[in-house]
Protein chains: 2
Amino acid sequence: MPANPQNMESRARLSAADWEQAALDVVAAEGVAALAVESLARVLGVTKGSFYWHFPTRDALLKAAIDRWERRDEDEIISQVEAISDPRLRLRDLFQRVSREVQSHRIYAALLQASDLPLVQPVIERISRRRLSLLTDAYREAGFDARRAAHRARLAYTAYSGFLQLNQRHGMPRMDQDEYQAYVDHVISTLVPD
Amino acid sequence: MPANPQNMESRARLSAADWEQAALDVVAAEGVAALAVESLARVLGVTKGSFYWHFPTRDALLKAAIDRWERRDEDEIISQVEAISDPRLRLRDLFQRVSREVQSHRIYAALLQASDLPLVQPVIERISRRRLSLLTDAYREAGFDARRAAHRARLAYTAYSGFLQLNQRHGMPRMDQDEYQAYVDHVISTLVPD
DNA sequence: ATTCGACCATACGCGCAAGTATGGTATGGA
DNA sequence: TCCATACCATACTTGCGCGTATGGTCGAAT
């Protein structure tokens, strides 16, 4: 019996999950448009022939990779945050937690940029709606009426996705670590009631 | 002498400016990726042969169209706003004015989505920097110290571009006209000091 | 009336990345 | 030991959109 082949660092043979993970890495680093099967095969040390055994088409890989990402990072963070009962503390914690995550948001930013593709558009809508209602609920619990809660949630969420767009991808006025944290604090003090 | 051929509704012959304007319409409606010379020629009722007389390449058209847009809408709005001396009134007016513009922002949103192309990336950076410093200056004049002014400006601008991304293009939770205006008012009261 | 140049049509070449066809190799179980 | 299955390589075909080559037309100036 050989050592567990799942954990060997340069496995001779691949599974669909390996392709999905590699696809996510490419998407995070270079965007959805850069996801090509031949180049991805080179990264994995194989050729197209391998790919088309695991997936029928390029879009199938993209969809599978996105689904994998959505299940993993999404449920995780949201469930962690929902554990905090005080809504204002919950919002603060959410903002801080989000500001520290990196890789998962790279992928979301990449998907945002490719949201005109029919395959990713419903994903963006689904995720945005979920996160938006998460924020809206928190603001309602914090004492906002329904209208103001929806507006403030929208403001917070658009600021988040706009930040991803302008900074995470091509660095706008770059910030160092301290200034970034100061910005996050400013956002919290501006958008979260005391 | 025939009637002014510039204003006839289906001119027999085109100029470079006609191509640029048509290109902007396509970009605004379907994004940068949808800008193809053959399809654009069909829209204008001609063929590729015409296009490559006016422009050497597709990218040349895209660049010319973007430049045209940048000169037109950008200088216009900014110079109008800079006329208001009171910084808080100026910010309010800016937000309101921006909220009513449509077409120009469709194009900016499309450019944002295509900001990984080497041709549009410097445009986005240039415009963002300009608008950001416009906001920063206003907040400074309104009494914010340099740090807070920069942060608040960044927050406002990311909220703006995030809104474009999520609503203007593929409509997130859609809003009717009244709710939209209410949202704008909420943003102003949250981000602009009294 | 002729000519010249601006504008356009038609037909082609070409590169890139997706997808197909088909055959090869390695590995575990009978 | 031998076969079946899972995984992979090689060599194609195909479609799409850019760019090129070349020739045609129409209006304006001489």
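Every heavy atom of this structure was used, including side-chain atoms; hydrogens, water molecules and symmetry mates were not. Since we're looking at a predicted model, the values are computed, not measured.
- Whole-Å rounding puts the B:His54 NE2 to C:dC7 C1' distance at 6 Å.
- For B:Trp53, counting side-chain heavy atoms from C-beta on, the closest listed nucleotide (C:dT10, D:dC7, C:dC7) is C:dC7.
- Among the protein residues, B:Thr57 comes within range of the sugar-phosphate backbone only, with heavy atoms under 4.0 Å from sugar or phosphate atoms but none that close to a base.
- Remark: the backbone N or O of B:Gln21 is not paired with any side-chain donor or acceptor of B:Arg68 at under 3.5 angstrom.
- Atom pair B:Arg58:CZ and D:dT20:P shows a separation of 15 Å (rounding to whole Å applied).
- Atom NZ of A:Lys48 is separated from atom P of C:dA21 by 13 Å (rounded to the nearest Å).
- You'll find the ring centres of A:Trp19 and A:Phe51 inside the 6.0 Å limit.
- For the pair A:Phe51 CZ and C:dT20 P, the computed distance is 11 Å after rounding to whole Å.
- When hydrophobic clusters are built by joining Ile, Leu, Val, Met, Phe, Trp and Tyr residues whose side-chain heavy atoms come closer than 4.5 Å, directly or via intermediates, A:Leu89 is not grouped with A:Val187.
- For A:Asp67, the side-chain hydrogen bond (donor to acceptor under 3.5 Å, both in side chains) test picks out A:Lys63, with sequence neighbours left out.
- Taking the centre and axis of the six-membered ring of B:Tyr183, the NZ or CZ atom of A:Arg152 falls outside the cone set by 45° and 6.0 Å.
- The side chain of A:Thr47 lies closest to D:dT10, out of D:dT10, C:dC8, D:dC18.
- The CG-C1' distance, from A:Leu14 to C:dA26, rounds to 14 Å in whole Å.
- Position along DNA chain C of the nearest nucleotide to A:Ala36 versus A:Gly49 favours A:Ala36 as the more 5'-ward residue.
- When the side-chain hydrogen bond (donor to acceptor under 3.5 Å, both in side chains) test is applied to B:Arg42, no partner is found at least two apart in sequence or on another chain.
- In this structure, A:Arg131 is not positioned above the aromatic face of A:Tyr160 in the sense of NZ or CZ being under 6.0 Å from the six-membered ring centre and within 45° of the axis.
- Note: CG (A:Leu35) to C1' (C:dA17) measures 12 Å, nearest angstrom.
- Computed from coordinates, the A:Leu61 CG to C:dA18 C1' distance equals 13 Å when rounded to whole Å.
- The CZ-P distance, from B:Arg13 to D:dC26, rounds to 9 Å in whole Å.
- Comparing the local axis fitted to the first five base pairs of the helix from C:dA1-D:dT30 to C:dA30-D:dT1 with the one fitted to its last five gives a bend of 10°, rounded to 10°.
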